[in-house]
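Structure, as structure tokens:
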2 protein chains.
Amino acid sequence: MTQATRLRQATSALKASCHQCSLSNLCLPLAIQDNDLDSLEDIVQQGRIYNRGEHIFDQSSPFRSCFAVKSGSIKTSIITEGGEEQVTGFFMPGELVGLDSMSGETYACTAKTLERTSVCEFPIDKLEELTGKLPDLQHHMYRLMGQEIQNSHQLAMLLSKNTAEERIASLLLSLSSRFQRRRMSPTNFSLPMARNDIANFLGLAVETVSRVFTRFQNQGIIRARGREVELLDVEALQLVTREFSRQGCSQ
Amino acid sequence: MTQATRLRQATSALKASCHQCSLSNLCLPLAIQDNDLDSLEDIVQQGRIYNRGEHIFDQSSPFRSCFAVKSGSIKTSIITEGGEEQVTGFFMPGELVGLDSMSGETYACTAKTLERTSVCEFPIDKLEELTGKLPDLQHHMYRLMGQEIQNSHQLAMLLSKNTAEERIASLLLSLSSRFQRRRMSPTNFSLPMARNDIANFLGLAVETVSRVFTRFQNQGIIRARGREVELLDVEALQLVTREFSRQGCSQ
DNA sequence: ATATCAAATTGATTTGCATCAACCTGGACG
DNA sequence: CGTCCAGGTTGATGCAAATCAATTTGATAT
């Protein structure tokens with residue numbers, strides 16, 4: 001092993017090994033032929049490990065990279081001039097954070113870890129260069145960004161048309177399916193975020209979130225103690241999310 | 001003029017002339033060097049003229065193209081299983097419609113004209129191919145999609161944190177600045193959409209929109225008669241949008 | 001002109017959730 | 001072991017906006 005190699009491995013900006021990553025079927029490698037994976041590995045940087053509550057990047061600071069969650073979880077939020085916070089998303093392993101910032105020279109939001117979290121960093125200039133060479137990767141980026149727009153539209157719809165119960169049921173189901181895709185239990189999981197974040201994300205007061213949780217619990221739909229949640233009746237939850245529209249087209 | 005040329009010009013899929021288009025400083029050409037403009041013209045199709053209320057594309061139908069508004073205006077909306085509509089955006093000349101659909105094989109929303117409207121059509125496969133060749137164009141697409149995500153986050157914030165007055169003031173100011181960028185009066189314009197669409201977009205009841213309009217009118221902030229709007233006191237409007245956060249950080 | 005129908009306005013009442021306030025719970029730490 | 005404090009729960013009250021209901025206005029056709 002040369003000194004240079006040893007040095008490179010010692011720096012914090014280690015190359016990540018997408019080849020061996022367990023998330024390669026969720027993350028960017030998903031879009032890439034095996035023989036092109038090297039070129040992705042060439043640009044990716046292994047980020048350091050963050051403790052709970054640390055900032056990955058801050059709103060208004062220079063936009064340099066997108067980040068893929070490797071383990072742990074992240075919340076993104078916008079801070080208004082008045083100091084109000086609006087949580088815009090929660091991100092789980094394999095998901096890409098920072099796409100909304102592609103519109104400018106600075107980050108459009110702040111990304112904060114919800115627990116001990118590790119990430120992979122994709123410097124945006126190199127990523128753009130690479131997507132120019134790999135049509136499949138470019139296509140995947142478009143897909144991801146399109147999906148992000150849709151998610152955001154879904155959130156807007158939830159906020160403008162649905163009751164507190166419907167919003168919370170939707171969030172629980174969304175988390176459930178995302179845990180499932182990551183080969184974790186879809187009915188028995190630990191919420192990565194605090195009630196406060198849930199409330200903020202869903203446009204509710206903390207008290208309301210709390211009340212809905214206990215109401216669901218009393219109805220036997222879920223069992224919750226702190227952040228530990230068990231979905232006892234998924235169908236009932238799905239029913240809740242559609243309650244509004246069911247009334248709209250009854251008879 | 002050869003017969004072939006004459007024929008080509010007679011078909012509905014005429015090539016658009018981006019070179020001569022007055023929107024070239026707003027639309028995709030914005031991102032392209034003059035000498036590359038030809039390659040954009042090669043893939044763009046001049047769409048037909050649509051009357052008010054016609055559909056440009058429908059949710060769940062095969063996703064083929066993005067559309068740039070040439071004249072007129074468009075609203076996009078999602079229809080839920082329950083038949084509920086949620087307006088997700090309004091689009092003015094030079095703006096690109098359909099970016100949210102890049103995530104899948106079908107359109108994620110329905111695009112409907114709000115008035116007599118003409119569009120340019122960009123077949124998505126050709127557009128992707130071209131963005132692979134023109135880094136500036138690719139960069140611009142990323143920017144546009146990132147902006148779309150941000151817009152949607154802003155909307156979510158508006159819906160979850162702001163009062164009816166604040167939402168409507170925001171919309172009026174957004175329209176105002178967009179008219180201004182198009183060299184139309186920022187204080188004197190005609191709303192392209194009905195009260196109903198405004199209400200739906202902002203998560204309000206039509207009655208509330210109506211009431212806020214008259215309240216603003218009585219306060220001398222605007223003058224409105226049907227769709228004709230005059231902004232009499234822009235500063236007051238801006239103040240309304242910040243009222244919430246001002247209270248949050250007073251003292 | 002007049003009829004017709006959708007869009008918009010205005011008023012009265014209800015309601016879901018925010019807000020205010022008090023109290024619990026559990027983990028960190030001296 | 002008790003203290004502290006943030007995070008969470010529960011209860012009482014108020015309010016902004018939805019809903020229900022009735023007109024009015026405006027556009028299009030007859």
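Chain A is the first sequence line, chain B the second, and so forth, proteins listed ahead of strands; every chain is numbered from 1.
Among the nucleotides dC17(C), dT10(D), dT10(C), the one closest to the side chain of Ala164(A) is dC17(C). With dA8(C), dT19(C), dC20(D) as the candidates, the nucleotide lying closest to the side chain of Ala194(B) is dA8(C). Side-chain atoms of Ser210(B) lie closest to dA8(C) of the nucleotides dA17(D), dC17(C), dA8(C).
A heavy-atom distance below 4.5 Å is found between the side chains of Pro93(B) and Arg182(B). The closest side-chain heavy-atom distance from Arg215(B) to Asn218(B) is not below 4.5 Å.
The CG-P distance, from Leu204(A) to dG8(D), rounds to 15 Å in whole Å. Put simply, CZ on Arg195(A) is 13 Å from C1' on dT25(C), counting in whole angstrom units.
A salt bridge is defined here as a Lys NZ or Arg NE, NH1 or NH2 lying under 4.0 Å from an Asp or Glu carboxylate O, and Glu84(A) with Arg242(B) fails to meet this definition.
Nearest-nucleotide positions on DNA chain C for Arg227(B) and Arg211(B) put Arg227(B) closer to the 5' end.
Among the atoms of the strands shown, base atoms are found under 4.0 Å from some heavy atom of Ala205(A).
With hydrogens and angles left out, the side chain of Glu207(A) and the base of dC20(C) share a donor-acceptor pair within 3.5 Å.
Shown are Arg48(A), Arg116(A), Lys112(A); of these, the salt bridge (Lys or Arg N to Asp or Glu O under 4.0 Å) with Glu54(A) is made only by Arg48(A).
OP1 or OP2 of dT10(D) sits under 4.0 Å from a side-chain N or O of Thr214(A).
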